Amino acid sequence: MLNSLRHDKRARQSLLLALPVLIVLAWTVAWPNVSVIRGSFEQGLGYWREFANSPSDREALFTSIWISILSVIGSVLIGLPLALLLGRVDFPGRRTLAAVATLPAALPPLVGVVAFLFLYGESGFVTRIVQRIIGAEDPPWTFNGISAIVFVHAYTMYVYVYLFVMAGLERLDTSLEEAAAGLGLSRWGRLRKVTLPLLTPALAGSMLLVFMSSLGSFSAPYVFGGGLRVLSTQIVTSKLNGNMGVAYVETTVLAVSAVMALLVLRYFERRRNYVAVGKGTRARTVLTSTAVRRLAPILASIVVLILVLPHLTVLLVALAKEGTWTDQLFPPVYTLDNFRRLAEDPQLWTPVRNSVLMAIIATAANVVVCFLAAYLVVMRKFPGRRLLELLLAMPWAIPATAIAIGLASTFNRNDITSGRVLLIGTFWILPLAYFIRGVPLVASAVESSLRQLDASLEDAARGLGASWLRIMWRIILPAVRPGLAAGALLAAVTAVGEFVASVVLYTNANRPISIEILAQIRALSMGTAAAYSVLLIVLVLIITAFARTLELRSAESGGVVSSN
Amino acid sequence: MSDTPRLALEKLALRYNTGGGVDDVSLNVAPGELLALVGASGSGKTTTLRLVAGYENPDSGRLLLDGRSIEKLPAEKRGFGMVFQHYALFPHLSVVQNVAFGLEARGVKKAERLKQAEAALSGVGLADKAGRPVQALSGGEQQRVALARALVISPPVLLLDEPLSNLDPNLRRSTRDELRAMLRRQGVTALFVTHDQEDAFAVADRVAFLSGGRLQQVGTPESLYDAPASKAVAHFIGNAALMPATFDGTHATLTRANRSVVVPAIAAPGVTTSALAVLRPEAMRISSVANAQNIDGWNARVLSRRFLGGASAYHVNLADGFELEVLSDDRSFGEGDAVVVSVERTPVALVAD
C-alpha cells in the first residue's frame, strides 16, 4: 500500500481527500469517547472502584439489563405474531393494519413518552375509561416504574422485530412451507418446524436491536422512572451532582455494552444471508372460515386503534382548552388556542425556531461530510478506509446519553493541543451533537446508493478526460442524489425531535422543542406540550413521507433520477 | 507512415499484494491494428488493459504512445476511450449526453458537441435513440452507445474490456462482425480483452495470449492455432488432445498401447526430445477396422458421437485409455464401435511439457 502511494497519484489524492474527513470524524465521533474512557481512569481505578461499590450503580446496571430483557420479550410478543399475521395471512383489513404497523416508531422519542402519559397516566384517557367502567374511586393503576417503562419500550420497539421478521419472511420461499404441508405437517407444526427456525437469525438480530435500544433508552425511564435507577438516567444524575468521574465510568459501561451488542448483531446479519432461499413464491394464505372473516376486521380495527391512539391522544390534548379537561371522557371545549399561542408568543416560538435551525445546520454538515466519506469508503482505496467505515457506523451503536457525556467532557474548555474547543454553554454544542447522531444515517444512505452504481462509472469518466471535480459534480453527485436526500431528511427528522443528548447539553441559547415540551409538562401546561408534540409529529410525518417517495423513485429508476 | 508503433508496452509489471497482476509484458500495437488480449480469468489481461488506460500504475516498465512515454500520465490525460464490460453508461444522462460527455470535458461548445455526438450515434446506427434515457435501451444498444461514447473523442487507441461478453450468443456473433467492420472503416487502433477465442479470432488482426500474468505468445490467430508456443496456449486456443511424444528434430514418435506412430512435426521453443503433440480433432482421421490395413494408427473405441451438421465429432478412447476427439464427415460410426484412429494432417505441433 505504502509502496503504491509513492508513485500512485490517485492513491495520494485519495489519502489527501480522506485526511480531513478522517480528522473531522475522529475528532467529533471518536475523540469524545476516548476522553470519556480516559476520564474514567483519571484516578486510576478509583472511579471504577467507586462504581463497583456503589449500591445505586449496581442497582442501575441490573435494572437496565432487567428492563432490556423484559422489553425484548414484550417486543417479540407483539412484533412476531403481527409480522406472521400480516406476512402470511390475507384477511379483510390487512392493508390498513400494515400501513399503521410501523407508526409507533415514527414518534419522536419524548413525544412518544408524553403520549403514553396522556393515555395511560394517572389521569390518562384509557385510565379514565377503565376507572369509569369498573366504577372505582381511584385510578386502577399508577403508570410508573419498570412495568410502565417496559410497556412503552415494547409498544415502540416491537417495530424492529416486526420489520426484521417481515424482511425475513420476504426472503423465505413459501414453497418450503407447502413442501412441509405435503409431508403431512399441520399448520402449527409447519410454523414450529419450518418457518420459525428459518426466521431465527432475523428474529435474533431484531431482539439484539431491541436490547441495545432499551439499554440506551433515556426518555421513558426519565419520565416514568420515579425513584427507579437505570444506567442512562444515573449518568445524568452523576453529572448533575458534579460526580463526573463516576459519570464517565457509567458512560463507558453503557457504551461498551451497546457496542458489544452491535458486534453480535453484525454477526447475525452476516449469517442471515445464508437463509435466503432461491427465488420462490411468497403467497399469503387466504382465510376462508366465515367466523374468522367476520372477526378479523374487528380485531384488526382494534389493533389499528391501539396503534394510532398515542397520536390521536396528543392531538386531542392539543385541541382541548387548557385546564378545562379534568375528569370528562372527552374534552368539553375544543380550541386552537394552544397552537395560536405557539405562533404568537415569541417565548414559545423560539424553541421551534431553534430546533429547525439546528437541524438544518447539522444536516447540512452531515450532507457534506457523509457524502465525501461514503464516496471514499465505496469508490476509493486508501490506508484508513476501514477506520473511516468504523467511524461512520459508531454513533449508531453508542447511546445518545454517552455521546452527550463525551461531548461534555471534550468541548468544555479551549485547549487546542488536546483537541478541545469550548462549545459547552454555546449554541453550537447541540448542532454538533445532532451532526454526530446523523452521521450513520446519511452515510449509510449514500453508501447504499453508491453501491448500486456500476463500479466503472468513474473510470469511464476519467478515460473520457474528465477531471475529478467534473466527475464528482456531473456524475457521482447526480447519481446518488436520491439516497443523499433521503438520508439527509432522516437525519433532519432525528435532529428536529432530538431529546436525549439535548437534555444533557442544552443551554438557554439553543433550547430545542423537546426540552420545552418537558418544561411545559413540569409546569402542567399539557395543552402547550401537546401542541408542540403535534407540531413535531407533523414535521416528522411530512419529512418521512417525502423521504419515502424519494427512495421509491430511486428504487424504480435503478438508483438514479433522470436529469432532464 | 513510420515504423513507430502506435502503442508500445515495454516490460510492464504490476504485482498485487494479494497475488495476481502482470510481469514483464512487452507488446507493440501498430497504427490501425486490432489486437486482442486473450487468456483465462486471472491471467492478467484486464490488468494489462487497465495499465494501458491509466487506471493502474505499473511497478516498473514503460508505456509509449507514438514513441512518447505516457506511463506517468493519469487516465484523464491519456485520452484513450474505453468500452467497459458492463458499459458504465452514466445512468442519469440521456444517450446523447452520455456520448457528448467526453467532448464536454474537453471544453467543446454545446452546439458543436451535440452535433459530433449525434454523428457518432449515427455511426453506430442509433441516431433515433439520442434523446432516450440509457436504461430504456437493450443490451446491444447500450454496448453501441458505449462504443460511440469512446469513439467520439477520437482516441489514439480504443480500449475494450470484454465488449461482447454481456450479449446473448446470437447477438454476439453478428455484433462482432459489425464491430470489426466499423473499427476497420474508421481506421481505429484498438486493444481489446476477451476470454473468448472466437471473439478474438473474429475481430482481431493479432492475438496476444496471457497466462499467469505473463505474455505467452503474440501472433495471428492462425499462428496461435497451428503453432502454439506453450502447453497453456495449446490448452486454451482451440480444442486439442495433448499426447506425450518424442522428437528427433524433424519427426515425432507417438506411442500408445505399444503401438508407435511417426509423423512430421514442428516444435515450439523449448522443446527437447520429449514433448507433447497437439492433436486437433480435424487433423485426425477415424476409420473402420476393416478399412485400416494400410493405416498407421491406433485401435480405439467410440465413446460418443455428437452430430454437428456438417460433420460429426467422435469422442474415442485408445486401447490404453487415452481419450481424444476426432472430427469426421463420416457419420457411420456409433457408440461402442471398434475403430482405428490416425493422424491425417501434418506437421503436428509440439509443445514443451
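This is a predicted model, so every value here is computed, not measured.
In this structure, the portions of F90(B) lying under 4.5 Å from any heavy atom of chain A include both its backbone and its side chain.
Against chain B, the residues from residues 459-469 of chain A that qualify, each with a non-hydrogen atom under 4.5 angstrom away, are D459(A), A460(A), A461(A), R462(A), G463(A), L464(A), G465(A), A466(A) in number order. Of all residues in residues 102-126 of chain B, those placing a non-hydrogen atom less than 4.5 angstrom from a non-hydrogen atom of chain A are G102(B), E104(B), A105(B), R106(B). Proximity to chain A at a heavy-atom threshold of 4.5 Å picks out R149(B), A150(B) from residues 141-151 of chain B, in numerical order.
Atom OG of S456(A) is separated from atom CD of Q85(B) by 8.5 Å, given to the nearest 0.5 angstrom.
Nearest heavy atom pair, residue L457(A) against residue L89(B), reads CD2-O, 3.3 Å.
Using a 4.5 Å cut-off on side-chain heavy atoms (C-beta onward), R474(A) and L93(B) make contact. Using a 4.5 Å heavy-atom cutoff, the side chains of I475(A) and F101(B) are in contact.
Residues in residues 436-450 of chain A take part in these salt bridge (Lys or Arg N to Asp or Glu O under 4.0 Å) pairs, two or more places apart or across chains: R437(A)-E498(A), E447(A)-R451(A).
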